[in-house]
Amino acid sequence: MIHDQQKVNMCQMFSEIHGIIHEVNIVYLDADNGFMLVSLNFELDFSVKKICAVASDNLQKARGRWSGMDQGTTHDSKFRTSGSFGRTISASSSLRRRSLSLSSAVASQIDDEIESESVSEAGDIGDRALPSKRHSESGSICLSIDNVLEDGMEFPIPENNLLQHSSRDPVALNTGSAVTPLPEEIVSPISTKPLVSPEYKNQVSVDLIFSLDFLSITRESKKTLPESLEYISCLVHLAVFGILGVLSRYLLEKLFGPSVAGVTSDRSILYLDLPSNMVGSFLMGWWGVVFKGDISKVSDYLVIGLNTGYLGSLTTFSGWNQKMLDLTVDGHWVLTFLGFFIGLFLASHSIIFGIETAKGFRWLLKRYSTSSGKETPKSGSNWKVDSCKRHLAVILALTLLLCALWIVSAVLSKEEFDGGGRAAELWLGCIVGPIGVWIRWFLARLNGRGLGKAGTLRWVPFGTLIANVSAACVMAALATVKKAVDTKTCNTVASGIQFGLLGCLSTVSTFIAEFNAMRESTSPWRAYAYALITILISFGLGILIYSVPVWTKGYN
């Protein structure tokens, strides 16, 4: 049942967005089942209209789902509606068509901009994901609709879509145009900055449909942590999980390598880092797509630590690229092509398999909770890090753990250094690995920004692209140095930097998450273009830096 207090709270929250929302009308669609229609009256310029496009898309998805239930489709009982609800949906649909009549050409352009930015941000957005960065500009609200679609994920408005488009257009959006589904866990507020072009303002109404059982409106009235502590928390999370990713990559390399299983090797298309790239891509489907929202309810910093820190360090693009360069040095060009093709194929299907199995596991949890009569917990409330005291405790614990990992790595590296070998390289890699994670995390802020003020090529994740290409080039340069100097000390130091710092600077898990988002968009060609751009630039520069000197100098 809808309560008047809920309506009052919503009106107050929306009304706090001064200068944009002028009127809030809440229309009750089905009070018995807890559904309602929210009609917002905006003062919009061209860029802020993107809100309407996303809102109308979410509304269209919700209507399609709930209308199907009304026609007899069997779903969760919480979403079952009455015939009167379906009739009200139809009535509100005609109202929506009258309130938003727009140019299809403009709508198509905006849809493409939204999708381009969304697929580019599917993997990582760096420090723009910090709570202070998400909410400081607006300081107002963050909307999320939980469990509206079958997988129970959130579809909020994407970050930084607002107040960035240079052109202005007084024509409103065409709500009939379809908007591509956005990545499931991009949280962003509605900007409250004053609109700077009054002559182009256009008063528009948009209606949003919500289920009150799952509607979550969060007011960020005060920050839990100061911005400086937010950065410290992120850096500590990234460092600790980055070292754990390096250790996991080493263990998988040993497990599937020639010494144990014999599946992978240095001189075959099944390169040594292939298992870790597949495992990291698979886990990205779990932690970075399906369960990302659940993890963020415990801690936003845990999401960054797991996805950017652990999975980004568990997988490595530079190591993959270097193994293919080693094949070219021996003249195995066909094997090189097959190595890139098989590596991309297996990693891209690993994330798909991860997403499907994660959705299946979520379904099993819901089915179990339904059969046992227990409600599925939305998050681990006992483990939720939602206060300054808890944040400081986590920072302290992870800082002590990081110091312990560094001390152990330094001691073991010193013991193993004189003898050389993989053990010395591993512990040196654990020492320098966090540096690579930090650089990659800061570069990720470039994802979804595009080039120049106009933001051209917004669909290209330039942060991830720069991280992978630069790591591949430096790794090729160090490989050339090892060939030229050819001493035990040089080989140990260079290999440790390659395995640790450069292995963590580059990533396959984020790269594949972006690739998968592009492939599932309305422009799937972008996925293959992005993969080709990354591989061709890295491999081409690697040939110039590594293969050509080896050929010309006659290095062994």
Tell me, please, which residues at least two apart from S120 pass side chain to side chain contact (heavy atoms under 4.5 Å, CB included). N447, P461

Which residues pass the side chain to side chain contact (heavy atoms under 4.5 Å, CB included) test with L251, sequence neighbours left out?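 Applying side chain to side chain contact (heavy atoms under 4.5 Å, CB included) to L251 gives none.
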
Parallel under 30°, tilted from 30 to 60°, perpendicular over 60°: which one fits the rings of W287 and Y310?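 Judged by the thresholds at 30° and 60°, the geometry between W287 and Y310 is tilted.
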
I'd like to check [X] versus [Y] (side-chain heavy atoms, cut-off strictly below 4.5 Å). Are they in contact?
| X | Y | result |
| --- | --- | --- |
| V437 | F241 | no |
| I269 | F341 | no |
| Y528 | R519 | yes |
| L478 | I497 | yes |
| L252 | L314 | yes |

Pick out which of I355, I351, T357 makes a side chain to side chain contact (heavy atoms under 4.5 Å, CB included) with F353. T357

Checking L311, D124, V279 against S509 for side chain to side chain contact (heavy atoms under 4.5 Å, CB included), the one that qualifies is L311

Could you tell me if T464 and T510 have a donor-acceptor pair between their side chains, going purely by distance under 3.5 Å?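 Checked: T510/T464 side chains show no N/O donor-acceptor pair below 3.5 Å.
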
Which atom names give the shortest non-hydrogen contact between C504 and V246, and what distance separates them?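 Heavy atoms only, the tightest pair is SG-CG2, 3.3 Å.
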
Specify the closest pair of heavy atoms between G448 and R458, including all atoms of both residues, with the distance to one decimal. O-CG, 3.1 Å

Could you go through residues 533-541 and list every donor-acceptor pair under 3.5 Å that involves a side-chain atom there, pairing it with any protein atom two or more places apart or in another chain?
from: T534; atom 1: OG1; to: Y530; atom 2: O; distance (Å): 3.0
from: S538; atom 1: OG; to: T534; atom 2: O; distance (Å): 2.8

Do side-chain atoms of [X] reach the backbone of [Y] as a donor and acceptor pair under 3.5 angstrom?
| X | Y | answer |
| --- | --- | --- |
| S233 | E230 | no |
| R449 | G463 | no |
| D127 | F442 | no |
| W286 | G354 | yes |

Ion pair check, D330 and R267, cut-off under 4.0 Å: yes

